[in-house]
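Working notes, beginning with the structure itself.
Just so it is clear, the model here is predicted, and its values are computed rather than measured. Whatever order the structure lists ligands and atoms in, that order sets their numbers, starting from 1.
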Amino acid sequence: MHQPPIPHLASADPEIGRLVEAEAERQHRKIRLIPSENYVSAAVLEATGTVLTNKYSEGYPGRRYYEGQQVIDPVERLAVQRAKDLFGVDHANVQPYSGSPANLAVYLAFCQPGDTVMGMALPMGGHLTHGWSVSATGKWFRAVRYGVRRDTGRVDMDEVRDLALAERPRIIFCGGTAIPRTIDFPAFAEIAREVGAVLVADIAHIAGLIAGGAHPSPVGHAQVISTTTHKTLRGPRGAMLMSDAEHASALDKAVFPGLQGGPHNHTTAAIAVALREAASEDFRTYAHNVVANARALAEALVERGYDLVSGGTDNHLILVDLTNRGIGGKPAAKALDRAGIELNYNTVPFDTRKPFDPSGIRLGTPAITTRGLGVEQMPTLAGWIDEAIQAADRGDDAVLDRIADEVAELLAGYPMPGWA
Ligand code: DSN
């Protein structure tokens, strides 16, 4: 059952109560390979469910527009201080509601509508809010986009430099949602300096790896750092903006009153708890294990003939191009879901198929590493993934159901915070 137990919810609203229980059980029995998902600790989960949700606190600690901040102010100050200590930054704002609003605040802080901005193209591994055409950031700004090389699957820093010199963007985003390789923050910083742009490192995917020392840090290279708190960082759904002292005030004004109203104080408390956890020695081990598991899984998939974008991974994420397997990413992902292996279909660089029916699948190891799976289990996972994809091609649902049972049997031995 769900942990902590939810007796009041179950009795006051049995329909929602049952659905919450069902989701807890689903999360427990499936191998969760979506690289942007994780399992929060029981302490983080408890913090999100507290009476702090009842309080309004527009403004910042010591400068609020509502009275009664005797408790909320120290909560937010703790979260800010822990973020500053963990990442080694001058300034942190823990109020953005999630990653997209955090990134929007960056535009509001440093750009005027119509200004040129630069980011990685979405189908190449970037994020919607890095100037993709369907996003407000692509509609309200003049976005130019870099990608990866066709032959290496990696960002071509010469292309980034040429584009930046030609287009002179106000801000340059590095980072994204489907990048399996180390981000070269010093090289981006040099280019940004050369063209007078603000460098924004969107570390949403890799924040936990950076905190745990398993990926280089952008601090000292990017003036602004944007991150969600719920991916590898293993906190609640939320976001943070960090910066050097020079860019702090513009960011704060952009978050509030520029874009948002009252911060979600229960989330702020849970972020503080997650940041405390991320400062522990256990978390360093966790971050390194995430990368070791991803490498082992990538190697096992390559051994089975899978074509990985860039040939492998340096971080928590693997992007598989299924073109050589004769199956699209969407039917593969749906079959894997039936087989108890949850991931998402994804475009691959230079994809010839549409985003809603692309050529790839994206997977990662943050959640399974939290469950305690290690490199020794990765060949088994790769075997199940391979078998399920072959079964999907034949329409063999019996094999998928058998794998789902085997997956649940394996996971029964690996506890999940939030379920008992
Ligand atoms: N939804 C996030 C991800 O899955 O990477 C990005 O916003």
Side-chain angles (χ1 to χ4, degrees), residues 27 30-40 96-107 117 119-138 143 145 147-148 155 173-183 200-210 215 225-241 259 267 271 274 290-291 294 308-310 313-320 329-330 332-334 336-337 341-349 351 355-356 358-370:
Q27 290 188 13
K30 284 169 83 172
I31 291 195
R32 304 180 63 222
L33 289 175
I34 293 176
S36 46
E37 293 185 357
N38 214 327
Y39 301 94
V40 296
Y97 298 143
S98 202
S100 297
N103 285 348
L104 270 182
V106 175
Y107 289 83
V117 297
M120 192 179 202
L122 180 69
M124 293 282 178
H127 188 255
L128 279 165
T129 56
H130 297 180
W132 194 238
S133 51
V134 296
S135 148
T137 61
R145 302 166 191 116
V148 295
V155 175
F173 271 92
C174 58
T177 61
I179 304 172
R181 294 298 181 178
T182 301
I183 299 168
V200 186
D202 183 340
I203 61 166
H205 265 259
I206 52 174
L209 304 185
I210 292 168
H215 186 291
I225 300 168
S226 158
T227 186
T228 50
T229 46
H230 48 267
K231 298 186 174 90
T232 48
L233 194 54
R234 220 162 58 179
R237 299 198 83 87
M240 305 193 298
L241 285 167
L259 269 181
T267 301
I271 289 173
V290 168
V291 175
L308 308 193
V309 171
S310 82
T313 182
D314 296 330
N315 53 32
H316 65 301
L317 184 147
I318 299 165
L319 191 56
V320 185
K330 190 173 191 173
K334 291 204 168 301
L336 284 159
D337 192 50
I341 299 167
E342 189 185 355
L343 41 69
N344 67 282
Y345 55 88
N346 215 91
T347 50
V348 294
D351 211 326
F356 207 57
S359 301
I361 49 175
R362 187 186 70 149
L363 51 153
T365 51
I368 57 169
T369 308
T370 297

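Side-chain contact, R234 with T370: a donor N or O sits under 3.5 Å from an acceptor N or O.
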**Study point:** Criterion side-chain hydrogen bond (donor to acceptor under 3.5 Å, both in side chains) on S98 and S100, from CA distance to verdict
**Key:** CA-CA 6 Å; S98 202; S100 297; over 6 Å; no
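In this structure, R32 forms a cation-pi arrangement with Y39, its terminal cationic atom sitting closer than 6.0 Å to the ring centre and no more than 45° off the ring axis.
In terms of heavy atoms, H127 sits closest to W132 at O-CB, 4.4 Å. Pairing each heavy atom of V348 with each of S359, the nearest pair is CG2-CB, 4.0 Å.
Contact shell of ligand 1 (protein heavy atoms, cutoff 4.0 Å): S36, H127, T177, H205, K231, R362.
From I34, atom CD1 reaches atom CD1 of I341 across 12.5 Å, with rounding to the nearest 0.5 Å.
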